[in-house]
Participant: 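Below: one structure in C-alpha cells.
Hydrogens, waters and symmetry mates are skipped; everything else that's a heavy atom, side chains included, is used.
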Amino acid sequence: RQAKGASQGHPPAAKVVKTGEEGITTMLVRNIPHCALLEDMMHALECTGLSDECDFYHFPTTRKRPTSSGFMFLNFTSPSAAAQFADRIKQHRFPNAPTARLRATPAPVQGKEANEMV
C-alpha cells in the first residue's frame, strides 16, 4: 500500500457506474470529515473487514495539516470486495463527527496500476 503526496482541490465528479460491475475495483470515498487523519480512515477500512482486500490508497491532505481534504481513493483486489466496501462503509461513524455519512462510488480511474500513475 502506498499513500501518495498531498493534493489540493476537489475530487472529480464520479461516473455513473454501478458498484459491483465487472472491472470496478477503485472506489472514491466522499464526505470524510476534514478533521479525519489517515489513521482514522484506516480504522474505518478495518471496521469493514476488507482491509486485506485493499491494495492501494490515496489520501489527499490539506497543505498545512495532515488532515483530510474530504475524499480518498481505495483500490480493492476484486469488484466484489469493492462492492462490499461501498455497502459497509455507509455504516461507519466518526466519534468527533457522528453526523458524517461516508459515501463510496466508483472512481473515475480504475485499477491499482492506473491509479499509481495518476
Participant: Can you tell me how far apart CE (Met27) and CG (Leu50) are? Round to the nearest 0.5 Å.
Facilitator: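 Here the interatomic distance stands at 11.5 Å.
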Participant: With side chains defined as the heavy atoms from C-beta onward, is the minimum distance between Val29 and Met41 less than 4.5 Å?
Facilitator: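 Answer yes - side chains close enough.
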Participant: Do Thr77 and Glu53 have side-chain atoms, one donor and one acceptor, less than 3.5 Å apart?
Facilitator: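 There is such a pair between these side chains.
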Participant: For residues Pro66 and Leu37, report the shortest heavy-atom separation together with the two atoms involved.
Facilitator: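 Scanning both residues, the minimum pair turns out to be O-CD2, 3.4 Å.
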Participant: So, for Leu74 and Met72, which heavy atoms are closest and what is the spacing to 0.1 Å?
Facilitator: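 Of all heavy-atom pairs spanning Leu74 and Met72, the closest is CD2-CE, 3.8 Å.
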Participant: Would you name the heavy atoms of Gly23 and Pro79 that are closest together and state the gap between them?
Facilitator: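 Smallest interatomic distance, heavy atoms only, reads N-CG, 3.7 Å.
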Participant: Side chains of Leu102 and Ile32: does their closest heavy-atom pair fall under 4.5 Å?
Facilitator: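 A side-chain contact under 4.5 Å exists here.
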Participant: Can you measure from NE2 (His43) to NE2 (His92) and round to the nearest 0.5 angstrom?
Facilitator: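 Between atom NE2 of His43 and atom NE2 of His92 there are 5.5 Å.
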Participant: Would a 4.5 Å heavy-atom cut-off, applied to side chains only, mark Glu113 and Asn115 as touching?
Facilitator: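 In short, these two side chains do not touch, never coming nearer than 4.5 Å.
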Participant: Would you check if Leu45 and Phe85 make a side-chain contact, meaning some heavy-atom pair closer than 4.5 Å?
Facilitator: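 Yes, side chains in contact.
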Participant: Can any side-chain N or O of Ser68 pair as donor or acceptor with the backbone N or O of Gly70 at less than 3.5 Å?
Facilitator: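 Yes; judged by distance alone, with no hydrogens or angles, the pair exists.
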Participant: Between Thr67 and Cys35, is there a side-chain heavy-atom distance shorter than 4.5 Å?
Facilitator: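 No - every pair of side-chain heavy atoms lies 4.5 Å or more apart.
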Participant: Looking at Arg88, I'd like to know if its CZ atom is crowded, meaning that more than 12 non-hydrogen atoms belonging to other residues, nucleotides or ligands lie closer than 6.0 Å.
Facilitator: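 Result for CZ/Arg88: enclosed.
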Participant: Between Phe56 and His58, does the ring centroid distance fall short of 6.0 Å?
Facilitator: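 Here the rings of His58 and Phe56 have centres that are no less than 6.0 Å from each other.
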Participant: Test Asn75 against Asp55 for side chain to side chain donor-acceptor pair (under 3.5 Å), laying out the working first.
Facilitator: CA-CA 6 Å; Asn75 189 73; Asp55 60 4; 2.8 Å; yes
Participant: Are the side chains of Gln84 and Phe76 in contact, using a 4.5 Å heavy-atom criterion?
Facilitator: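 With C-beta onward as the side chain, the pair stays apart.
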Participant: Got a second to check how far Phe59's CZ is from Phe73's CZ, nearest 0.5 Å?
Facilitator: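 It is 12.5 Å, given to the nearest 0.5 Å.
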Participant: Just how far is it from atom CZ of Arg103 to atom CD1 of Ile89, taken to the nearest 0.5 Å?
Facilitator: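 One finds 14.0 Å between CZ of Arg103 and CD1 of Ile89.
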Participant: Any side-chain heavy atom of Leu38 within less than 4.5 Å of one from Tyr57?
Facilitator: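 Yes, their side chains come closer than 4.5 Å.
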